[in-house]
There are 4 protein chains.
Amino acid sequence: MNNDKKNEKQKQILLTAMNLFANKGYHQTSMKEIADVCEMSKGGLYLYFKSKEDLLLMILKYHFQMLDDQYVLVEQDPHLNIKEKFTKQMEISLKHAIEYEEFNNMRMQETIVDLENEAIHQYIQQKNIEMMQWWEKYLIGIYGEEVKPYCLDCMVILNGMILMFMKVLKIENLPIDTVEFTEYILRQLDYIVEGVLKDKEKPLIDGSLWSSKQGGLYKEKQHPLILIKKMKDQITQLPKEDRVEEALQSLGIMEQELMDMNPRKAIISGMIRNLLGIQELVEMTRELSSVLKSDIEM
Amino acid sequence: MNNDKKNEKQKQILLTAMNLFANKGYHQTSMKEIADVCEMSKGGLYLYFKSKEDLLLMILKYHFQMLDDQYVLVEQDPHLNIKEKFTKQMEISLKHAIEYEEFNNMRMQETIVDLENEAIHQYIQQKNIEMMQWWEKYLIGIYGEEVKPYCLDCMVILNGMILMFMKVLKIENLPIDTVEFTEYILRQLDYIVEGVLKDKEKPLIDGSLWSSKQGGLYKEKQHPLILIKKMKDQITQLPKEDRVEEALQSLGIMEQELMDMNPRKAIISGMIRNLLGIQELVEMTRELSSVLKSDIEM
Amino acid sequence: MNNDKKNEKQKQILLTAMNLFANKGYHQTSMKEIADVCEMSKGGLYLYFKSKEDLLLMILKYHFQMLDDQYVLVEQDPHLNIKEKFTKQMEISLKHAIEYEEFNNMRMQETIVDLENEAIHQYIQQKNIEMMQWWEKYLIGIYGEEVKPYCLDCMVILNGMILMFMKVLKIENLPIDTVEFTEYILRQLDYIVEGVLKDKEKPLIDGSLWSSKQGGLYKEKQHPLILIKKMKDQITQLPKEDRVEEALQSLGIMEQELMDMNPRKAIISGMIRNLLGIQELVEMTRELSSVLKSDIEM
Amino acid sequence: MNNDKKNEKQKQILLTAMNLFANKGYHQTSMKEIADVCEMSKGGLYLYFKSKEDLLLMILKYHFQMLDDQYVLVEQDPHLNIKEKFTKQMEISLKHAIEYEEFNNMRMQETIVDLENEAIHQYIQQKNIEMMQWWEKYLIGIYGEEVKPYCLDCMVILNGMILMFMKVLKIENLPIDTVEFTEYILRQLDYIVEGVLKDKEKPLIDGSLWSSKQGGLYKEKQHPLILIKKMKDQITQLPKEDRVEEALQSLGIMEQELMDMNPRKAIISGMIRNLLGIQELVEMTRELSSVLKSDIEM
DNA sequence: CATGAATGAGCTTTCATTCAT
DNA sequence: GATGAATGAAAGCTCATTCAT
């Protein structure tokens, strides 16, 4: 099969799957269904995508590519000033978000994907950074340098706004006029920027913190309670000794603490230290520690 | 097993499941996993919750109850003016939303629940309506009657904002100071309200469209006994007939039953059915019915 | 896999399942067992039959098709007179019934199928009606119009006879000669027809009742309390659900009220209305309602 | 607890369970349900019956006792002649069969009980023999010695008739008048006896064969196809040799043959003989052989 | 290249039975 | 004696993935 034809097919699958994911959700859509709609065999899908997760990743990439292509056209249009470019691009985003609603949810929330898939996670992460830069560039371009500290706040507020409006309008089955919607959103942006600039208030999100984020390696992250359960299992295999007893106790205490609404960091770190003294658990303890560091701020 | 212990266990499962649902998603969490973390057998879960969906519903109810309990305390505090009440309740909401992040996601988006389950769907729907009423009441109380058309817009914008901020702050592992966060959010509200009122722009969500879906304007939820009193008043205006006599009797019986500690559902629903036969009361009966449905689970 | 092979496999599963159902009963045969005997995986079965019930239905259809095919051949044979056709078809039926004993049990008694499955129930129903028509046609053809009122009786008697003989002969491990068996059965039919025609006795099953299936059934008027007791009995047979609980409560309340000197009509009619919502009780509730209407003036 | 009270309770459970079994079927009734209706705990049931099967057996015994008690009264009544006794007892049987319909099904068909339970099987067997004797005694008493060879036939025919009538009348919801029903049934008996005596035809069931039946030991009988599967599994564990290959082939052939509608005995017994030559399978082969002997007549 | 039959682990749920209280 | 919480095996069913054809 020549490459063109293969690409054609791949795209068809992509669009179909996207459609299905958008309407039924990722986990609720089966490969069989996708195959059926594509009028091909289940096995056939695996010629183009090596797994369901890969398919999802490709969908994300396809969408972002689609958006980027359109953005670039606007970007390079010499007849538009910066505000117009911003408006046009926002319009493109909204139009796309409306058309591919679930795609928007995915990227805005990562709710659908279990965090186990590193590739997807990283990709979305990267795109989020790009989005941040995009906002910064335009907000500064439009409202001036003084808006810089508030860029992240604005981005978050606007995105949240959009997400929620779309949710509500979708549920209520109300039609959305993209242009009108864009204008509305941008007006809100005006109000907010005007407000924050006037009051010189402290931004909620500190940009420096944000940017410091590093990808780092991504290990299949386990839920701490499950991890503790495993550690308990492992430790009960050991011959009964005082240190074993103590370790079990430490685990129990940590479990209780984590169940609480406000786990006390001191308790947690104390127990971690206790457990680090147990040779046999050292590795799992380290994993637990790292998991906890991102779950509760430690 | 005494009731206390049973409740204890039920709560433990609830908290565990909530925790897992929140982090892995509803569909991605298996009953086995919940059972494992609770250190009990799969079958055991079913002694406390009759299905996975039931478990989810109970989690939702548990949370809303928790919130409602706190709201009421603020509501009834005579030392607070309306703006302070609004602020305090917003603070409570945010605190809760931060602590139980995924719970907030669930209710704000219904992403997790497949729409097949009527009970859950309806419950969330109902809670959303209550939330709408809450916003309307307070926004009008604070900003005056002229803000009325924009209430829905404001609610949506604020909720979206909050949702997204929490998402980002969570991902970035940044600490959130609830009070500061509340102030921030309320300031944004100020900017927006100020803006829309100044420009007299058209709201994005037309309240009449929305509300038409619910049939009936949003009224503050009335207490059933008061409602019954009103119905009695109305019916005594009518010419004396047998059906009137019977309706009065039905109302009396229902009143008595509701006064009881454990009103019997059968009596209540029977009387409701009787009253539905009375043309003149049909609307009020419906309201009564809906109020009762959330007061005692029917 | 080509269609032939697929059909082959399907048939193999069919035969295997039939065999197992026949010997262990439908509910006592698990899909795993069927899969094991077929030397395939559990999941594999579901490629051929979409559920266990579907498998059962297919078995029934397969058998009836097999029978119908043979019947038609006889039916269309120009060299046979009516008595010969009857004999031949009876022979076919018996042969089949002997070979697939439990199939025969299923269709004759519906013991195996829980009534929840509409499709299966209806299919058997329809086949029973066809059987009835078959008997009527042949009995009248052979014995004349005067046998018409006794057709149903004869069918029932003969079928019962056959069923029981097969049961006994199977249990006793005795060989059955189909031809001899047929002759024997037909001879019994002769004796019975001869008998009933001679005595002009009243048939046990009134064909008009059967076919119309409408109750011109005269029932003795029952005392409401007894009726309530019966309803309680019936309802406790149902799987426990909320609606069942509520119905029981309604019945309890009504009972108490009726015991009172001056039963309040509102209570009574309310409870009646509650019960009318319970499908399974609708008939008895109507009866109760009509009884009460004349007992206390309502 | 004194014995009286214990017996009382036992009887209550018995009656309740009977009722449930009768209406929902044995396997479809859970111990919890029985406990609930008896208003006792699940565990409590096990104080009175050591298992669900035991409970079933007790039910059967209770019913037969109930019937026997009534029979004896008639038997000993000096004012009744033999025909009257027969009629009276038949009436008792029918009345009981109507009242406890599913009990009748159980005993007439053994459909409900999986054959694995030896005690129940044997008990029913014994009761069937008693029934046989009862019929013989009365038929000879009424119609004379010449009816003796036809007793079994008559019993089977009558029982089949009754079973099927009850089924149909139940399904059609028609009321049954016991006396009328008895008369009807006995009239049919007259026709048949008259017929067979006149024609001196050969009875279908040879009494001598029947009676020769001995209980014998009862080993948990396995389905032949499952047994073959097991043998295949076991034999594939052995080192590959010619004799192993051959044994596998023999098993395969036998499997195919058994799937056929008319398995050829010669093939079956040939394969059995082949397999008896395989040391490792000798025991299972014997079991298979014995199972087959009762499944297909060999 | 393409198929779709087959797998097998996993899902939610049920239930007879046990046993600490 | 009596309870009912707990178990654990087994049920019917789904589905991502593989692989012989």
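This one's a predicted model, so the numbers in the text were calculated from it and none came from an experiment. Chain naming here is simple, since letters A, B, ... match the order of the sequence lines and numbering starts at 1 in each.
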Going by the rule side chain to side chain donor-acceptor pair (under 3.5 Å), which residues pair with [X] if we only count those two or more places apart in sequence or in a different chain?
X      : value
D:D54  : none
C:Q12  : none
C:Q249 : none

Whole-Å gap separating [atom2] ([N]) and [atom1] ([X]):
X     : N      : atom1 : atom2 : value
B:L56 : E:dT12 : CG    : C1'   : 15 Å
B:E8  : F:dA6  : CD    : C1'   : 18 Å
B:Q10 : F:dA6  : CD    : P     : 11 Å
A:L45 : E:dG4  : CG    : P     : 12 Å
B:I13 : F:dA5  : CD1   : P     : 11 Å
D:D36 : E:dA16 : CG    : P     : 12 Å
A:E39 : E:dA2  : CD    : C1'   : 15 Å

Using atom types as modelled, flag every donor-acceptor pair under 3.5 Å from a side chain in residues 36-43 of chain B to any protein atom, sequence neighbours excluded.
residue	atom	partner	partner atom	Å
B:D36	OD1	B:K32	NZ	3.2
B:D36	OD2	B:K32	NZ	2.9
B:E39	OE2	A:K232	NZ	2.9
B:S41	OG	B:G44	N	3.2

Check your understanding: So, is C:Y48 near the phosphate of E:dA6, with a side-chain N or O under 4.0 Å from OP1 or OP2?
Key -> yes

Practice item. List for me each residue that meets salt bridge (Lys or Arg N to Asp or Glu O under 4.0 Å) alongside D:K229, sequence neighbours excluded, and say none if there are none. Key: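 Checked D:K229 against salt bridge (Lys or Arg N to Asp or Glu O under 4.0 Å); matches are D:D233.
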
Check your understanding: How is the base pairing of DNA chain F summarised as a dot-bracket string, given the Watson-Crick and G-U wobble criteria with both distances under 3.5 Å, [ ] for crossing and | for another strand?
Key -> .||||||||||||||||||||

Study note, to complete from the structure: Sorted by position of nearest nucleotide on DNA chain F, 5' first, the leading residue of D:L47 and C:E33 is D:L47

Review point. Between B:Y62 and B:K11, is there a cation-pi geometry (under 6.0 Å to ring centre, at most 45° from the normal)?
Key: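 No, B:K11 and B:Y62 do not form such a contact.
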
Point to revise | Set of residues satisfying side chain to side chain contact (heavy atoms under 4.5 Å, CB included) with respect to C:L47, sequence neighbours excluded | key: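 Checked C:L47 against side chain to side chain contact (heavy atoms under 4.5 Å, CB included); zero matches.
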
Practice item. Identify, with sequence neighbours excluded, every residue that meets side chain to side chain contact (heavy atoms under 4.5 Å, CB included) alongside D:Y46. Key: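 Residues passing side chain to side chain contact (heavy atoms under 4.5 Å, CB included) with D:Y46: D:M31.
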
**Study point:** Reading 5' to 3' through nucleotides 13-21 of chain F, protein heavy-atom contacts under 4.0 Å coded B for base, S for sugar-phosphate only, - for none
**Key:** BB-SBB---

Check your understanding: Shortest non-hydrogen contact from B:L60 to B:I120?
Key ->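 In terms of heavy atoms, the two residues are closest at CD1-CG2, 3.9 Å.
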
